[in-house]
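Down below is the structure, laid out as C-alpha cells.
When a ligand or atom number is given, it counts from 1 through the structure's own listing order.
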Amino acid sequence: MNDIITTTASDIREMRVRGAGKIARAGASALVSFAESYAGSDLEIFKSDVNKMAEVLLSSRPTAVSLWNGIRYTIKEVDSAEAFSTARESVILNGNAFVKSSEEAVQKIAKIGAKRISDGEILMTHCNSSAAISVLAEAVRQGKDIKVYATESRPWRQGILTVKDLHKAGVDVTLIIDSAVRSVMSKVDRVFVGADTITSSGSLINKIGTSQVAMAAHGAGVEFNVCSETYKFSPKTMFGDTVTIEERNIDEVVKPGEIPEGVKVFNPVFDSTPAGYIDNIITELGIMSPGSVYGVMVKQLGESVFEKGI
Ligand code: RUB
C-alpha cells in the first residue's frame, strides 16, 4: 500500500485533517503525489492501482461528499485513457486543478457572503467551517464592525479553532456552549455555517447541532446562510442515494469509567437541516435558494447523466 495514501486516509479518519473542503483537497493532493511518484508504466495496472487508492481515501470518512467529488474529479480521465502517460498526467492536472478551484471558490464565497453583512451586525457560526469563517473575516477586512458568537461544538470542540481563526482575523468573537444557542439567538442578525454535503432537494448535512441552530434561527426570524462550494452538492442524492451520517467512538463523549457499564452512548457527527430552514446557500456561483440546487447539479453534470447515471 502506498504511504502517501495511507497517511492521508489516516489523517482524515483521525481528524488531523478535517473540514469538508480540506479533506477534499487532501484526497486530491494525495492522488497527485501518488501519480507523480508512481514507479510502474503499465496502463492497466495504473488504472487498477488508482481506483484502489481512491477507495482507500473514500473509506476514511463517509459523510462529506466533497471528498467523493474531489477524488472523482481527479481520476475522471483515468479509466478512458489509452496510454499510461496520459492517464498519469490527467491525475496530476485534474487533481491540481481541483485544489486550485476549490481554494478560489472559498475566496469568491467570502466576497459574496460578506455583502450580506451590514456594519454593526451580530452573527453566529457553528463548528469550524473555512467557508463560513472566510465570509466573517472578509466583512471585517472591509471595515465592518461585527460581533460573532461561535458555538463550542462538542465533543471535538471545533469552536476553539473557530474563535482562534476569527480572533486572528480581527473579529470580535464570543465562545458559547452549544446549549446557549437558542438563548443567544434573540441578539443575532444572521447565522453563517458551512456544509459537508447538500442534497438535490436542498437539505444541508453539516456538523451535529446545525439543525438545532437552524431551528432556533427560524424561530427567532434570523436569516440562516449556508456557505458552500458547489462541489459539496451531492449528485448521488439525485438518484436516491442517502447520505451516511458518520458515528464516532463513544470515548469522544465520555471518559472510560465515567458512566455505569451498560449505559449506551450515541455519537452522531453530522445532522440534516431541511431545506425549509435555509434562507440562502452562498456558493462561488452566487447566492441561491435550496430549491435551485437540483438545477445547478444537472447543469454541472450535463443532461447525459440521466442516461449514464453517476
Ligand atoms: C466540520 C464541519 C464544517 C464543514 C464545512 O466537521 O461540519 O462545518 O465540514 O467546513 P468536522 P469547510 O470537524 O467533523 O470535519 O467550510 O471548512 O469545508
Side-chain angles (χ1 to χ4, degrees), residues 8-29 57 60-70 98-99 101-110 112-114 123-138 148 150-166 169 178 181 191-199 203-214 224-234 243-249 252-253 267-273 278 280-284:
T8 304
S10 115
D11 283 348
I12 295 173
R13 188 174 302 112
E14 304 304 324
M15 292 179 61
R16 287 184 288 274
V17 177
R18 46 145 301 283
K22 289 196 184 90
I23 66 174
R25 286 192 287 276
S29 300
L57 290 166
S60 58
R61 280 191 91 184
T63 302
V65 77
S66 54
L67 181 62
W68 190 83
N69 279 335
F98 174 79
V99 170
S101 73
S102 95
E103 284 166 350
E104 286 168 359
V106 174
Q107 288 161 17
K108 285 184 194 150
I109 289 169
I112 296 167
L123 311 161
M124 184 182 283
T125 190
H126 182 55
C127 192
N128 179 255
S129 154
S130 334
I133 287 171
S134 75
V135 169
L136 304 170
E138 174 62 20
V148 176
T151 57
E152 181 187 11
S153 310
R154 278 265 300 150
W156 269 78
R157 307 184 78 216
Q158 288 93 333
I160 301 292
L161 300 173
T162 297
V163 295
K164 285 183 185 164
D165 290 344
L166 289 174
D178 301 316
V181 163
V191 176
F192 291 86
V193 297
D196 273 77
T197 292
I198 295 187
T199 70
S203 301
L204 163 68
I205 315 297
N206 194 51
K207 178 54 53 195
I208 190 77
T210 302
S211 66
Q212 286 175 185
V213 177
F224 187 82
N225 298 286
V226 180
C227 307
S228 173
E229 305 86 321
T230 54
Y231 68 85
K232 293 170 181 171
F233 291 5
S234 171
V243 180
T244 305
I245 301 289
E246 179 183 7
E247 278 176 45
R248 292 184 69 91
N249 207 296
E252 293 181 355
V253 180
N267 183 20
V269 180
F270 299 99
D271 68 15
S272 172
T273 300
I278 300 168
N280 300 306
I281 303 179
I282 305 170
T283 79
E284 74 280 11

*Do Gly194 and ligand 1 have an N or O pair less than 3.5 Å apart?*
no
*Looking only at heavy atoms, is any part of Arg61 under 4.0 Å from ligand 1, and if so is it the side chain, the backbone, or both, or is it neither?*
side chain
_Which segment of Ala195 sits under 4.0 Å of ligand 1 when only heavy atoms are counted_ = backbone
*State whether the number of non-hydrogen atoms from other residues, nucleotides or ligands found under 6.0 Å of Arg248 atom CZ is greater than 12.*
yes
*Not counting sequence neighbours, which residues clear ring pair (Phe, Tyr, Trp, His ring centres under 6.0 Å) with Phe233? List them please.*
none
*Working to the nearest 0.5 Å, report the span between CG of Leu136 and CG of Leu123.*
6.0 Å
*For the rings on Phe192 and Phe224, is their centre-to-centre separation under 6.0 Å?*
no
*With Asp165, which residues qualify under side chain to side chain contact (heavy atoms under 4.5 Å, CB included), at least two apart?*
Asn128, Ile133
*Identify which of Ala131, Ser153, Gly209, Ser129 has a heavy atom lying nearest to atom 10 (O) of ligand 1.*
Ser129
*Would you mind telling me if ligand 1 is within reach of the side chain of His126, the backbone, both or neither, using heavy atoms under 4.0 Å?*
neither
*asked:* Is the contact between Trp156 and ligand 1 made by the side chain, the backbone, both, or neither, using heavy atoms and a 4.0 Å cut-off?
replied: neither
*Report the part of Cys127 in contact with ligand 1, treating N, CA, C, O as backbone and CB onward as side chain, heavy atoms under 4.0 Å; options are side chain, backbone, both, neither.*
side chain
*asked:* Counting only heavy atoms not in Gln212 (residues, nucleotides, ligands), do more than 12 fall under 6.0 Å from its CD?
replied: no
*Determine whether the side chain, the backbone, both or neither of Lys207 has a heavy atom under 4.0 Å from any heavy atom of ligand 1.*
both
